[in-house]
Amino acid sequence: MADRYEPQTFEAKWQARWKAANLFETRQDPGRPKFYGLDFFPYPSGAGLSVGHCRNYIPTDVICRMKFMQGYNVLHPMGFDAFGLPAENEAIKNRTHPGPMIERYAENYRRQMELIGIGYDWSRSFRSSDPEYYQWTQWIFKVLLERGLAYQRMAAVNWDPVEKTVLADEEVIGGLGWRSGVPVEKRSIPQWFFKITDYAQRLIDDLDTVDWPEGIKQMQRNWIGRSEGVQFRMRVAMPHEEKSDEEFEIVERAPHFEVFTTRIDTVYGMTFCVLAPEHPSIETLEGFVDEAHRAEIRAYRENAKRLSDTDRQATTREKTGVFTGAYAINPANGERVPIWIADYVLMHYGTGAIMAVPAHDARDYEFAQKYGIPVQPVIGPAKGVSPETLPFESKDGFLVHSGEYSGLSVAEAQKELGQWFEACDLGTRKVQYKLRDWLISRQRYWGCPIPVIHSADGEIQPVPDEDLPVELPEVEHYEPSGDGSSPLAAIDEWVNITDQDGKLGRRETDTMGGFACSSWYFLRFCDPHNKRKGWDPAEVEYWMPVDCYVGGAEHAVMHLLYARFWTKVLYDAGLVPVQEPFQTLRNQGMVLAPTPFRAPREGETLGVGEEGIQITFEEAHSLPEDQVFHRYEKMSKSKGNVVTPDEIVEKYGADALRLYELFVAPFEQNVQWSNEAIHGQVRFLSRVFKLVDECRSAYDPLWRDAIDTGESSEAGKALRRLTHHTIRRATDDISGFAFNTYVAAMMEFLNGVRDVLKTTPASEIRAEASEMLETFVLLLAPAAPHSADELWDLLGMEGFTYQQDWPELDERWLARETVTIAVQVNGKLRDTLEMPTEADQATLERVALESERVRPHLEGKTLRKVIVVPGKLVNLVVG
RNA sequence: GCCCGGGUGGUGGAAUGGUAGACACAGCGGACUUAAAAUCCGCUGGCCGCAAGGCCGUGUGGGUUCGAGUCCCACCCUGGGCACCA
């Protein structure tokens with residue numbers, strides 16, 4: 001019998017036994033509640049898993065294991081997000097084909113997940129690149145198409161010159177491609193979109209129905225960006241040709257335009273208005289202005305077209321614009337205001353035109369200052385008071401210089417002006433969203449083909465269900481063409497087909513971005529091998545929604561928003577019974593690893609936010625110590641700071657790794673990896689083995705019969721209190737994602753047991769010690785399943801801990817006979833008293849006043865007040 | 001600039017408004033050992049004190065309260081997200 005933790009001798013053995021017993025195969029017993037625990041769909045990188053990834057999988061595994069022991073039918077699947085740019089790029093770099101490559105990588109991921117003892121039901125696994133899977137991705141695409149939620153249009157898109165593809169807005173970070181890190185360019189090509197904007201309001205509203213981190217919800221709300229305002233028409237007016245410059249007339253033939261504002265209360269302060277350079281009305285407007293203005297407009301628009309989005313949206317950039325020579329009429333007061341064109345107004349938001357109120361908007365103010373446009377304050381901090389400094393952007397104010405609306409608060413004025421604009425048919429109150437439609441087209445090979453045929457007459461036909469999947473053709477060369485077309489377009493024998501009616505047609509050659517594949521995989525896990533349907537409705541009805549969804553916060557907007565959108569579309573189509581896919585969501589913190597840097601040398605410059613030049617570990621060793629410093633960074637292959645579970649399991653064992661990752665910090669918090677602190681877990685497990693080894697001769701499997709009839713000794717009682725106290729803590733902590741305190745509770749359990757056994761050997765309290773041993777092993781099982789099974793076996797028990805019932809709490813043992821009462825004088829602790837639990841207030845007060853440690857602090861003072869919290873403390877207030 | 005988190009010993013961290021520092025790591029002392037490792041026992045926030053004990057202490061400054069790491073206000077630092085969205 002091992003009296004210490006020797007993982008090499010048993011971890012592989014138990015993993016093999018679990019596999020042979022199909023232990024984690026999904027159970028669907030009637031009469032049991034269900035629990036669906038899911039991890040984010042991983043892309044299996046060639047670098048394999050790091051201990052950082054494990055921080056996602058281990059906690060979910062702990063919860064799923066406890067839920068199963070508590071009697072739930074647990075669905076805990078794993079599959080691989082194999083399609084998409086990362087896989088294709090890695091394959092190109094390795095000069096191989098993405099298909100077989102990703103298969104190897106996925107196998108390696110699975111090996112590592114098994115190495116750390118994660119209890120997945122592998123019989124349900126799939127890859128998003130399996131034709132049996134993407135057949136149904138294509139089928140869902142058609143559902144969207146039929147419902148008018150998928151469409152193709154020419155679009156200026158984010159073109160990533162390195163990836164040679166189009167990126168979704170969400171994949172452009174600060175004007176740079178999210179993977180390539182280079183500035184994206186504008187290009188105009190036909191693109192497929194999903195109309196997620198139709199669902200904007202529901203995507204906001206239903207966040208209230210799910211248990212997600214508040215920060216993630218807020219990020220989604222911000223991304224969708226709802227704002228309420230008024231949209232109204234500006235009529236164009238030109239100087240009267242035969243009269244003086246001061247007289248104007250409305251030109252009905254001119255292109256009147258609409259503006260959107262959230263600050264209708266400031267409408268009297270409008271001193272100009274601005275059109276985006278791409279605004280379609282400008283072309284007509286040019287016909288009404290003189291030659292000089294026309295030339296300026298054209299020059300400005302040409303220039304704007306050439307600017308990249310990054311340059312245009314750089315916040316440090318000074319605003320630019322041109323006066324058109326035309327004017328518009330402010331409908332609120334009939335005053336004329338000049339019409340400008342400026343690229344700080346964006347065509348894709350609102351109407352692409354704004355009313356500019358420089359007194360109350362920082363951007364308009366900056367522009368007005370630069371071009372000498374008047375500024376008219378209309379909101380002040382108090383009634384009848386003008387603001388002292390401009391711009392005055394606060395909404396906590398009152399209107400001035402606003403006709404009959406002067407004196408109203410901002411809130412009142414927004415309401416009344418909105419009503420007035422609507423009553424006079426000047427405009428309408430409107431809700432705007434920042435969210436834009438989801439660009440799904442990728443001009444790349446390694447993705448799910450869009451199941452559409454373009455017939456010769458230009459019609460778009462979905463591929464019939466019976467012809468799905470549209471399989472990716474096997475090809476030698478799949479590298480992106482670089483001309484904006486998919487490499488699939490070059491495969492004539494695949495592209496050119498005859499449709500059902502015998503007409504010639506061309507297949508759509510774009511593929512879907514990877515986020516499409518991960519927007520429904522959680523449904524497929526409910527019924528992964530269905531050949532006739534994407535899923536059996538009964539299976540999805542049974543398992544959905546996901547009860548516990550765990551992954552990194554970096555998918556806060558993209559994946560989670562898309563998956564919610566698809567679920568809602570499928571709900572509307574009557575295909576799934578839930579409107580939200582993920583009931584509870586939690587984000588694990590990252591594992592950061594020390595990464596070497598050195599100071600820049602002559603001629604080297606640091607980028608924004610950089611503190612040094614990142615170097616390899618080899619280089620760090622070759623440099624003098626004072627030239628190298630370390631920073632904790634996210635683990636990544638490119639930084640060379642990856643710690644793999646393989647090396648940790650090899651050295652310390654899987655259970656020590658699992659415990660360490662659970663214990664090291666709160667679940668949601670980032671942690672700094674250290675190879676040293678893990679020793680504590682090895683030590684803990686060794687002491688557990690030692691305890692079981694010492695006590696097992698006293699172990700009686702029939703302890704239940706003896707324990708409630710027999711009289712307990714003091715030591716026996718202490719042991720039982722400890723046991724049941726820990727059942728409560730472990731159960732609550734695991735349920736509440738407090739894995740660090742769960743492990744701490746187990747350590748305290750061990751320490752407490754050892755204290756009891758110092759005075760009373762286990763053989764004298766056999767029943768209580770047996771209950772303790774069994775409970776200890778079972779409570780430990782979710783976190784350290786290999787050790788738990790080994791210990792279970794050493795106790796002479798049959799089967800796996802996973803199959804045992806979770807220990808049952810007996811609340812009677814939570815009650816204590818005595819409690820420690822804190823005695824304070826003026827809030828400062830002066831003594832602690834061991835008192836019977838049921839001691840009443842008067843008793844506590846009396847004993848507190850008698851305390852020898854307390855009395856010196858009362859001398860010469862008057863007792864003014866006594867606070868007694870039974871079971872807790874006595875506070876004597878003196879003065 | 002706006003929206004979220006977070007600042008507690010040498011380190012990771014614990015603490016329903018009620019004994020701050022649980023549980024660990026590291027360190028120090030001791031036992032065992034020829035020795036080391038491993039293991040076991042003890043100490044370990046700062047200052048004063050031989051001790052008993054006292055004073056200070058949860059980023060800073062105020063406030064509420066009998067009592068504040070926890071609640072409120074202002075500020076500083078830090079991590080993340082968004083960013084010309086009218």
Side-chain angles (χ1 to χ4, degrees), chain A residues 3-4 173-174 213-223 225-227 229 231 259-263 266 273-274 276 312-315 317 319 342-346 348-357 360-364 366-367 393 432-436 553-554 556-557 587 589-590 659-660 663-666 668-672 674 676-684 686-687 690 738 740-751 754 820-833 853 856-857 864-869 871-879:
Chain A
D3 61 355
R4 55 195 294 175
I173 296 148
E214 209 41 56
I216 300 286
K217 289 189 185 184
Q218 204 49 47
M219 278 163 72
Q220 293 218 345
R221 288 190 195 104
N222 291 343
W223 188 265
R226 179 194 157 99
S227 50
Q231 185 171 321
V259 297
F260 174 75
T261 181
T262 56
R263 292 300 303 275
T266 64
C273 56
V274 187
R312 177 167 162 181
Q313 293 187 7
T315 45
R317 183 169 161 256
K319 292 186 175 29
D343 65 8
Y344 80 89
V345 173
L346 308 173
H348 64 248
Y349 182 77
T351 61
I354 60 158
M355 69 169 205
V357 184
H360 303 292
D361 182 283
R363 299 154 301 180
D364 297 345
E366 185 195 333
F367 193 79
E393 292 186 286
Q432 279 286 347
Y433 301 92
K434 284 195 236 176
L435 185 69
R436 294 200 256 167
E554 67 274 13
V557 272
N587 304 118
M590 289 186 289
L659 284 170
Y660 176 68
F663 179 72
V664 64
E668 273 144 83
Q669 194 167 303
N670 290 349
V671 299
Q672 303 182 343
S674 142
E676 283 183 348
I678 200 168
H679 286 296
Q681 312 307 321
V682 173
R683 226 169 282 170
F684 166 65
S686 282
R687 286 202 294 250
K690 194 170 179 186
N740 56 332
T741 50
Y742 153 55
V743 176
M746 294 306 294
M747 291 173 166
E748 286 179 61
F749 192 12
L750 176 71
N751 295 344
R754 281 155 48 108
T820 311
I821 302 291
V823 184
Q824 303 177 332
V825 178
N826 287 346
K828 270 188 210 278
L829 182 73
R830 295 301 173 188
D831 197 7
T832 55
L833 305 167
R853 295 201 177 160
H857 297 280
R864 303 218 186 265
K865 199 172 177 182
V866 180
I867 311 281
V868 182
V869 183
K872 284 277 183 192
L873 60 67
V874 179
N875 188 12
L876 306 169
V877 185
V878 298

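- Residues of residues 349-356 of chain A having a heavy atom closer than 4.0 Å to RNA chain B, listed by number: A:Tyr349, A:Ile354.
- At a threshold of 4.0 angstrom between heavy atoms, the contacts of A:Ser227 are confined to the sugar-phosphate backbone, with no base atom among them.
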(request) Encode nucleotides 39-54 of chain B as B, S and - characters from 5' to 3', where the letter depends on protein heavy atoms closer than 4.0 Å: B to the base, S only to sugar-phosphate, - to neither. (result) SSS-----------SS

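- Between B:G13, B:A86, B:U16, one nucleotide has an atom nearer to the side chain of A:Ala665 than all others, and that is B:G13.
- Nucleic acid contact for A:Asp364: none, since no nucleic acid atom lies under 4.0 Å from a heavy atom of the residue.
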(message) side chain to side chain contact (heavy atoms under 4.5 Å, CB included), that's the test. Do A:Arg263 and A:Val357 meet it? Break it down for me.
(response) CA-CA 9 Å; A:Arg263 292 300 303 275; A:Val357 184; over 6 Å; no

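- With the nearest nucleotide of RNA chain B identified for both A:Gly827 and A:Thr261, A:Gly827 has the one nearer the 5' end.
- Within the 4.0 angstrom heavy-atom criterion, only backbone atoms of the sugar-phosphate kind lie near A:Pro666; the bases stay farther away.
- In RNA chain B, consecutive stretches of 3 or more Watson-Crick or G-U wobble pairs with both distances under 3.5 Å are given as paired ranges: B:1-7 with B:76-82, B:10-12 with B:23-25, B:27-31 with B:39-43, B:45-48 with B:53-56, B:59-63 with B:71-75.
- The listed nucleotides are B:G18, B:A86, B:C23; the one nearest the side chain of A:Gln824 is B:G18.
- Within the 4.0 angstrom heavy-atom criterion, base atoms lie near A:Thr832.
- Rounded to a whole angstrom, the distance from the P atom of B:G13 to that of B:U8 is 9 Å.
- When distances run from any side-chain atom of A:Lys865 to the nucleotides B:A24, B:G13, B:C66, the shortest one goes to B:C66.
- Aromatic ring orientation, A:Tyr344 versus A:Phe367: tilted (interplanar angle from 30° to 60°).
- At the phosphate of B:G18, neither OP1 nor OP2 sits under 4.0 Å from any side-chain N or O atom of A:Asn875.
- Within the 4.0 angstrom heavy-atom criterion, no nucleotide atom of any strand lies near A:Phe684.
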